[in-house]
Student: 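For reference, the structure I am asking about is given below.
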Amino acid sequence: MGCCFSANDGYEYDDDAVSGSANEVPRVTGVHQFTIRQYSGVKGKGVGKSVLSRNFTVAGREWFVRFYPDGYNSDTSDHVAFFLQSLYRPSCGSVYHVEFSFALLGGGGGGAVLHDVRIDRPCRFDNRNNSWGIRKYIAREQLEGAALGAIHDDALTVRCTMHVIQRRRGADRPVVTGAGGPVRVPVPPSCHARNAMEFLLSGDAPFDLEIHVGDATFGAHRLALAGQSLYFRKLLYGQVGNEASSPAIRLREMSPEAFGAVLHYVYHDSLPPEATKGRNAAAMAREVFEAADMYAMERLKLMCASNLCRFIGDDTVSGIMELAKAHSCDPLKKACENYMKRRRIPFNPDS
């Protein structure tokens, strides 16, 4: 189960307070604790206006919480609302069934549960609807009342617990049965790509390419690189240049650390820890993002863009926005715009 925390002011976070992990399928659980500070200043935004938590990751997707202090709509304006939303709409055909609950915590977030509302059925997150919530979570009068004690030092804390149900394709189809039991044999998920990568990493298939980056030398398989990058496909199997037949190539566009992260992605389909945690994580994420764009590795580029969202702040948002524009990354650009809107930082949406 993953657990992380966020607050709605300052947008500065302690990396040690953010962690995430997933249990085995078919159910992945995540917990996110969201503190809304300066509540007296937040309310009065208007009906339908929301305050957003920071992004958090559960089941490989980015999510965030919306808090509506003045009500979700005019019919529910006497209640506050909480919604769970995925950062991006799932691709066409992808569906996530999610159970979730919101619990108000006492004692500035460290106390007992004061009010808990949970969805009684799994909600379907797909490319048509990526937001579900509770419009009448609690009456504002009750929330602000001294009897409940939910507001402490002009702040309130809600804990969102979510369970993503991992349904395999075809899981909803009935199994035809007869007197002798089921007559359909279940087929496990594909392990084709995983088997190929495990073989390449086993050492049974020697590296056939040396890559020199700065003072470092990396070993790799030409097919693995070409399979993940159009740039390397043309470089290593194209008709132009000597690289197609050479046992070694030299790259001058990046640091050895950044290329090591690219190579880690090629073999593991993930970012290495040093690209997501530590003092140099922001700089590393930026450099790997630029490399992914240059090497035409779109999934890696979007993974880095998602990672860069963690570092968006008042002092960094302009630079990250320019990076997104320079590398034609609309999702990252949109994330920066949304942050600037929330923080009321001027920007030109047409640039």
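Counting begins at 1 with the first residue of the sequence.
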Student: Could you tell me whether a side-chain N or O of Ser229 sits under 3.5 Å from a main-chain N or O of Phe232, the two making a donor and an acceptor?
Tutor: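 Yes; at least one donor-acceptor contact below 3.5 Å.
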
Student: Same cluster for Phe100 and Leu114 if Ile/Leu/Val/Met/Phe/Trp/Tyr side chains link at under 4.5 Å?
Tutor: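 Yes, Phe100 and Leu114 fall within the same hydrophobic cluster.
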
Student: Could you tell me whether a side-chain N or O of Asp154 sits under 3.5 Å from a main-chain N or O of Ser40, the two making a donor and an acceptor?
Tutor: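 Present.
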
Student: Considering residues, nucleotides and ligands other than Arg250, do more than 12 of their heavy atoms fall under 6.0 Å from its CZ?
Tutor: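 Atom CZ in Arg250 is packed in, count exceeds 12.
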
Student: Minimum heavy-atom separation for Phe56 and Leu84, please, with both atom names.
Tutor: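 Looking at all heavy atoms of both residues, the shortest contact is CZ-CD1, 4.0 Å.
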
Student: Is the backbone of Tyr88 close enough, under 3.5 Å, to the side chain of Arg61 for a donor and an acceptor to pair up by distance?
Tutor: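 It does hold such a pair.
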
Student: Will you find, in the side chains of His221 and Tyr267, an N or O donor that is under 3.5 Å from an N or O acceptor?
Tutor: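 Note: His221 and Tyr267 side chains meet the donor-acceptor criterion.
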
Student: Between Lys45 and Ser50, which heavy-atom pair has the shortest distance, and what is it?
Tutor: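 Of all heavy-atom pairs spanning Lys45 and Ser50, the closest is CE-O, 3.6 Å.
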
Student: Can you name the one residue among Tyr68, Phe64, Tyr137 that meets ring pair (Phe, Tyr, Trp, His ring centres under 6.0 Å) with Phe82?
Tutor: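 Of Tyr68, Phe64, Tyr137, ring pair (Phe, Tyr, Trp, His ring centres under 6.0 Å) with Phe82 is met by Tyr137 alone.
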
Student: Return the minimal non-hydrogen interatomic distance between Asp314 and Val317, and the atom names on each side.
Tutor: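 Closest heavy-atom pair between Asp314 and Val317: O-CG1, 4.0 Å.
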
Student: Give the ring-plane orientation class for Tyr295 versus Tyr231, where under 30° counts as parallel, over 60° as perpendicular and anything between as tilted.
Tutor: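 Ring orientation of Tyr295 relative to Tyr231: tilted.
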
Student: Hey, could you give me the CG/NE2 distance between Asp126 and His97, rounded to the nearest 0.5 Å?
Tutor: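 Asp126 atom CG to His97 atom NE2 measures 8.5 Å (nearest 0.5 Å).
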
Student: Judged by atom type as modelled, is there a donor-acceptor pair below 3.5 Å linking the side chain of Trp63 to the main-chain atoms of Thr57?
Tutor: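 Between the backbone of Thr57 and the side chain of Trp63 there is no qualifying donor-acceptor contact (under 3.5 Å).
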
Student: Walk me through whether Asp269 and Arg299 qualify under salt bridge (charged side-chain N to carboxylate O under 4.0 Å, His left out).
Tutor: CA-CA 9 Å; Asp269 193 31; Arg299 173 170 162 78; 2.9 Å; yes

Student: Could you go through Cys329 and Phe289, starting from their C-alpha distance and side-chain angles, then the distance that decides it, and tell me whether this counts as side chain to side chain contact (heavy atoms under 4.5 Å, CB included)?
Tutor: CA-CA 10 Å; Cys329 186; Phe289 173 82; 3.7 Å; yes

Student: If Ile, Leu, Val, Met, Phe, Trp and Tyr residues are connected whenever their side-chain heavy atoms lie under 4.5 Å apart, and connections chain through other members, are Leu148 and Val158 in the same group?
Tutor: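 Yes.
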
Student: List the steps and the verdict of side chain to side chain contact (heavy atoms under 4.5 Å, CB included) for Arg233 and Leu236.
Tutor: CA-CA 5 Å; Arg233 186 184 308 175; Leu236 300 174; over 6 Å; no

Student: Evaluate Ile119 against Ser101 for side chain to side chain contact (heavy atoms under 4.5 Å, CB included), listing each step before the verdict.
Tutor: CA-CA 6 Å; Ile119 298 295; Ser101 64; over 6 Å; no

Student: Does CG in Asn73 sit with more than 12 non-hydrogen atoms of other residues, nucleotides or ligands closer than 6.0 Å?
Tutor: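 Atom CG in Asn73 is crowded, with more than 12 foreign heavy atoms closer than 6.0 Å.
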
Student: Given 3.5 Å as the limit, does a donor-acceptor pair link the side chain of Arg343 with the main chain of Gly313, or not?
Tutor: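 No, the answer is negative, given that no donor and acceptor are paired below the 3.5 Å cut-off.
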
Student: Apply salt bridge (charged side-chain N to carboxylate O under 4.0 Å, His left out) to the pair Lys333 and Glu337, showing each step before the final yes or no.
Tutor: CA-CA 6 Å; Lys333 177 174 174 285; Glu337 290 177 349; 2.7 Å; yes

Student: Enter the distance from Ser246:OG to Leu209:CG here, rounded to the nearest 0.5 Å.
Tutor: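 Those atoms lie 7.5 Å apart.
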
Student: Nearest 0.5 Å, what's the SG-CD distance between Cys160 and Gln33?
Tutor: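 Reported to 0.5 Å precision, the distance equals 11.0 Å.
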
Student: Under 4.5 Å between any side-chain heavy atoms of Glu290 and Glu253, yes or no?
Tutor: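 Result no, sub-4.5 Å side-chain heavy-atom pair not found.
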
Student: For residues Leu52 and Asn338, determine if any side-chain heavy atom of one lies less than 4.5 Å from a side-chain heavy atom of the other.
Tutor: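 Side-chain contact under 4.5 Å: no.
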
Student: Indicate whether the side chain of Asn307 and that of Thr276 have a donor and an acceptor atom separated by less than 3.5 Å.
Tutor: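 There is no such pair (donor and acceptor under 3.5 Å, judged by atom type) between the side chains of Asn307 and Thr276.
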
Student: Heavy atoms, side chains only, cut-off 4.5 Å: are Gln228 and Met297 in contact?
Tutor: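 Yes, side chains in contact.
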
Student: With heavy-atom distances below 4.5 Å as the criterion, would you say the side chains of Leu308 and Leu323 are in contact?
Tutor: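 In short, these two side chains touch, coming nearer than 4.5 Å.
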
Student: Does Asp70 use its side chain to pair, donor to acceptor, with the backbone of Gly46 at less than 3.5 Å?
Tutor: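 Yes: the side chain of Asp70 pairs with the backbone of Gly46.
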
Student: Any chance the side chains of Glu287 and Ser255 put a donor and an acceptor closer than 3.5 Å?
Tutor: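 Checked: Glu287/Ser255 side chains pair up, N/O donor to acceptor below 3.5 Å.
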
Student: How long is the straight-line distance from NE2 of His152 back to CZ of Arg37, given to the nearest 0.5 Å?
Tutor: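 It comes to 11.5 Å.
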
Student: For the backbone of Val65 and the side chain of Ser53, can you confirm whether one donor and one acceptor N or O come within less than 3.5 Å of each other?
Tutor: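 Yes: the side chain of Ser53 pairs with the backbone of Val65.
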
Student: Just wondering, do Leu143 and His115 contact through their side chains at under 4.5 Å, heavy atoms?
Tutor: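 No - every pair of side-chain heavy atoms lies 4.5 Å or more apart.
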
Student: Start with the C-alpha gap between Leu263 and Leu225, add the side-chain angles, then the distance that decides, and say whether side chain to side chain contact (heavy atoms under 4.5 Å, CB included) holds.
Tutor: CA-CA 8 Å; Leu263 207 56; Leu225 279 174; 4.0 Å; yes

Student: Between CG of Asp330 and OG of Ser328, what distance do you get to the nearest 0.5 Å?
Tutor: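 Here the interatomic distance stands at 7.5 Å.
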
Student: Is there a donor-acceptor pair under 3.5 Å between the side chain of Trp132 and the backbone N or O of Arg124?
Tutor: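 Yes: the side chain of Trp132 pairs with the backbone of Arg124.
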
Student: Consider only side-chain N and O atoms of Glu144 and Tyr39, and report whether a donor and an acceptor are under 3.5 Å apart.
Tutor: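 The criterion, which ignores hydrogens and geometry beyond distance, is satisfied for Tyr39 and Glu144.
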
Student: With distance as the sole criterion, is a donor-acceptor pair present between the side chains of Glu210 and Thr217 under 3.5 Å?
Tutor: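 Absent: no donor and acceptor within the cut-off.
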
Student: Classify the angle between the aromatic ring planes of Phe34 and His32 as parallel (below 30°), tilted (30 to 60°) or perpendicular (above 60°).
Tutor: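 Phe34 and His32: tilted rings.
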
Student: Okay, side chain of Asn55, backbone of Cys309: is any donor-acceptor separation there less than 3.5 Å?
Tutor: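 Between the backbone of Cys309 and the side chain of Asn55 there is no qualifying donor-acceptor contact (under 3.5 Å).
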
Student: Work out which heavy atom in Ala275 is nearest to a heavy atom in Ala285; give both atom names and the distance.
Tutor: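 Shortest heavy-atom contact: O-CB, 4.1 Å.
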
Student: With rounding to the nearest 0.5 Å, note down the distance linking CZ in Arg135 to CG in Asp75.
Tutor: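 Taking CZ in Arg135 and CG in Asp75, the distance rounds to 8.5 Å.
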
Student: For Asn130 and Tyr96, test the side chains for any donor-to-acceptor distance below 3.5 angstrom and give the result as yes or no.
Tutor: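 Distance-only check fails for Asn130 and Tyr96.
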
Student: Honestly curious: do Leu104 and Val117 fall in one hydrophobic cluster under the side-chain, below-4.5 Å linking rule?
Tutor: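 Both belong to a single hydrophobic cluster.
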
Student: How close do Ser77 and Arg140 get, counting heavy atoms only, and between which atoms?
Tutor: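 Nearest heavy atoms, Ser77 then Arg140: O-NH2, 2.7 Å.
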
Student: Phe218 and Phe259: aromatic ring centres closer than 6.0 Å?
Tutor: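 Yes, they do, as the ring centres are separated by less than 6.0 Å.
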
Student: Are Leu87 and Leu302 connected, step by step, through hydrophobic side chains (Ile, Leu, Val, Met, Phe, Trp, Tyr) whose heavy atoms are closer than 4.5 Å?
Tutor: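 No, because Leu87 and Leu302 fall into different hydrophobic clusters, even though each may have its own neighbours under 4.5 Å.
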
Student: With a 4.5 Å limit on heavy-atom distance, are the side chains of Phe207 and Arg222 in contact?
Tutor: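 No, their side chains stay 4.5 Å or more apart.
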
Student: Same hydrophobic cluster for Phe83 and Val80, using side-chain heavy-atom links shorter than 4.5 Å among ILVMFWY?
Tutor: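 The answer is no; the residues belong to distinct hydrophobic clusters.
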
Student: Please give me the minimum heavy-atom distance between Val28 and Ala59, naming the atom from each residue.
Tutor: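 It is CG1-N, 3.8 Å.
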
Student: Looking at side-chain heavy atoms only, is the closest gap between Arg121 and Glu99 below 4.5 Å?
Tutor: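 Not touching, per the 4.5 Å side-chain cut-off.
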
Student: Is there a side-chain contact between Leu105 and Val113 (heavy atoms, below 4.5 Å)?
Tutor: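 With C-beta onward as the side chain, the pair touches.
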
Student: Between the side chains of Arg66 and Gln85, does any donor sit under 3.5 Å from an acceptor?
Tutor: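 Present: a donor and an acceptor within the cut-off.
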
